[in-house]
Amino acid sequence: MSKNLIIVESPAKSKTIKRFLGKNYEVVASNGHVRDLPKSQMGFDPEHDFEPKYITIRGKGELLASLRKEVKKADKIYLATDPDREGEAISWHLCAALNLDPDKTSRITFNEITKNAVKQSLKESRAIDMGLVDAQQARRVLDRMVGYSISPLLWAKVKRGLSAGRVQSVALRIIADREQEIDAFIPREYWTLEADFEVEGVKKPLRASYYGKNDKNELGSKAEVDNVLKELKGSTYIVDDIKTGERTKKAPLPFTTSTLQQECSKTLNFPTRKTMQIAQQLYEGVNVKGHGTIGLITYLRTDSTRISDEADAACKEYIKSVHGEQYVIKGGHSEKKGKNVQDAHEAIRPTYVELTPAAIKDSLSRDQYRLYQLIWKRFVASRMSSARYETISARIVNSSHVFTSSGSKLVFPGFLSVYQAEEDKAENNPALTKLKKDSKLKLIELDPEQHFTQPPAHFTEASLVKSLEELGIGRPSTYAPTITTLISRRYVTKEKKNIFLTELGEVVNKIMVEEFPSIVDVNFTATMEALLDGIADGEVEWKSVIKNFYPDLKEAVDKAEKALEKIEIHDEVTDIICDECGRNMVIKYGPHGKFLACPGFPECKNTKPYYEKIGVKCPKCGGEIVIKRTRKGRPYYGCENNPECDVMTWQRPSGELCPKCGSLMVHKGNKLCCSDEKCGFVS
């Protein structure tokens, strides 16, 4: 009997696949990439058609020797690395590193690690897709080109260890632009007016919101509210109109990589990196009691919401048996297919819908269970019928002033019986159902409340992933590594879930925007992603993309080198004396921004926090207002006498005091605003 060898990427994956195949199949792992561009140089030659120079990754020699022994024993070799561009490239590198015979070697892919999927892939084995390989080569060379050209400039002018990247630098710019929007935002005052009415036969009062005078209008100041309250005083309230209806809410689509990362961040508080790590474990295989080691979900890097016919039928049959025929979705399910969607794989779903989260909970870690439960529920919900609500709305009139109240009642849960988000909850108001047209209502209380418009929200990992996907920057496999790099380089920091730009990130982004505008241009980066898709589809020659990109990058780097040569960043000497040796301390850059260090290093290793004065006095104690940083590096302005004095603000103080409340006035765009949001004064 012939001997077959299957090479996968991870030992966990090999263990899962071994269970499905007979004794004439050996399954081994390459442990990821075996060849890459050398770390010590650019790794390609512009003088010789940009040919990449691949070398064996350090530490892989022994593994490759072991793989070669297995290859010699085999009559047929199947390369079963992940079903994406990177997986295709790994298979191609394995062919070269192991000197595989093309006549004996085939490529197989499967979207899920199940017995049927693996056996079917063996029947449908094929040659390596060079379109996918070339797209990955182009991405790798482009990223190396940008990183190795620009990073040394950052080392020379800012500090060693920094990096620039093709996708990373654009993501940094998006975050920096959002920070500028927030800093420049000027809050606008507005008021709401709520009314509580007594309804006969109901204990809980009916709450209605002020709509406007005749037509809808917003209350912009206390004076406007006082005027409305005056006109409402002592008048009669009549139910002018009641409308009833029905609305439906469609089931959500199954998860893509992006939506899974967003939902995990929101509901499980998982960083994108953790989501992908745990999803990888579920995909490669988990030892489930009574089933052995099995893959629990389909491939985790996808931008498609498509589901196979078999999985769709199995899920609908499960729903019918557990919930009933009326819970099964009728007809097809609309699928997301945007212009940036590659649609190479199915959506992320459980491989066996009958393996409910509760049934296998004991075989999973806490985090594996929570993630699997989320994926399972979302998939099952996507094949279920819509939820139906009864709606009711009332219009209450007082002279020419109008109040409105609305509510809804869930009459058929549909998919909500499996998967319910906070926003899906009905707002049932019993008092609404008791209202009658033209009846008079007794006012209990009017409740005016002041508000201020809020600036754009700081990015979270979830909202940044959503933004990158919408702009066409990066692909499912790049979102998590991009965010991880920004955090590890300390260009951004996370506080709770929010992402903030650090001082270091601000400096790097400024250099990139000024010296390499095309690299950090959102449209340019999105266009480059489209070109990579064209390479994968065989429509574009990969080296032509590199050749067109390289001259412009080289010109920009040469120009930046000359411009930045004129900038000498010397250590700034301060008037602060070193406690240990008496020298004047200097300002240095560290992982969290600036700090004070003794220039006598390494003989004297004394350091201190650096607080930059801005020339503004504290209105409370007369001390200096200085720039400080939170533990994670977010800048703010506070009194030097903290903790004795608690004055602080996130925006830069102007030195002027608010004429209304006496607080510090701060810069927001080209205006000055009171630092106390409750005051809201703008000059």
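None of these values were measured; they are calculated from a predicted model.
- Considering D367, I278, L374 as possible partners of L268, the one that fulfils the side-chain contact (heavy atoms from CB on, under 4.5 Å) test is L374.
- Within the 4.5 Å cutoff, the side chain of R301 has heavy atoms near those of the M276 side chain.
- Of the possible polar contacts, none joining the S408 side chain to the T391 backbone as a donor-acceptor pair under 3.5 Å is found.
- Taking the centre of each ring, Y327 and F412 come in below the 6.0 Å mark.
- Checking side-chain atoms of S467 against main-chain N and O of L464 turns up no donor-acceptor pair under 3.5 Å.
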Kindly list each side-chain donor-acceptor pair under 3.5 angstrom involving residues 187-196, sequence neighbours excluded, with atom names and distances?
residue : atom : partner : partner atom : Å
R188    : NH1  : E218    : OE1          : 2.8
E189    : OE2  : W191    : NE1          : 2.8
E189    : OE2  : Q450    : NE2          : 3.0
T192    : OG1  : H451    : NE2          : 2.8
E194    : OE1  : S209    : OG           : 3.0
E194    : OE2  : S209    : OG           : 3.2
D196    : OD1  : R207    : NE           : 2.9
D196    : OD2  : R207    : NH2          : 3.1

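- The environment of NZ in K119 is sparse: at most 12 heavy-atom neighbours from other residues, nucleotides or ligands sit within 6.0 Å.
- Annotation: cation-pi pair K115/F20 absent, no NZ/CZ under 6.0 Å from the ring centroid and within 45° of its normal.
- Put simply, the side chain of T482 gets close to the backbone of T478: a donor and an acceptor are under 3.5 Å apart.
- Heavy-atom contacts from other residues, nucleotides or ligands closer than 6.0 Å to NZ of K377 number 12 or fewer.
- E346 is not listed as a side-chain neighbour of S304, based on a closest heavy-atom distance of 4.5 Å or more.
- Considering all non-hydrogen atoms of both residues, S405 and L206 come closest at OG-CD1, 3.5 Å.
- Shown here for L219 and E224, the closest heavy-atom pair between the two residues is CA-OE1, 3.6 Å.
- The shortest non-hydrogen separation linking I182 to P456 is CG1-O, 3.2 Å.
- The shortest non-hydrogen separation linking T272 to A480 is OG1-CA, 3.6 Å.
- When all heavy atoms of V286 and S363 are compared, the pair lying nearest together is CG1-O, 3.7 Å.
- Proximity of a side-chain donor or acceptor of T267 to a complementary backbone N or O of E263 within less than 3.5 Å is detected.
- Looking at K466, its side chain never comes within 3.5 Å of a backbone N or O of S258 through a donor-acceptor pair.
- No close placement of the W650 and F185 rings is indicated, their centers lying 6.0 Å or farther apart.
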Determine, stepwise, if the pair E495 / H458 fulfils side chain to side chain donor-acceptor pair (under 3.5 Å). CA-CA 10 Å; E495 289 189 18; H458 286 280; over 6 Å; no
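- Counting heavy atoms from C-beta outward, V465 and T259 have side chains that stay 4.5 Å or more apart.
- The distance between the ring centers of Y237 and F197 falls below 6.0 angstrom.
- Atom NZ of K497 sits in a crowded spot, with more than 12 heavy atoms from other residues, nucleotides or ligands closer than 6.0 Å.
- Judged by distance alone, the side chain of S406 and the main-chain N or O of I392 form no donor-acceptor pair under 3.5 Å.
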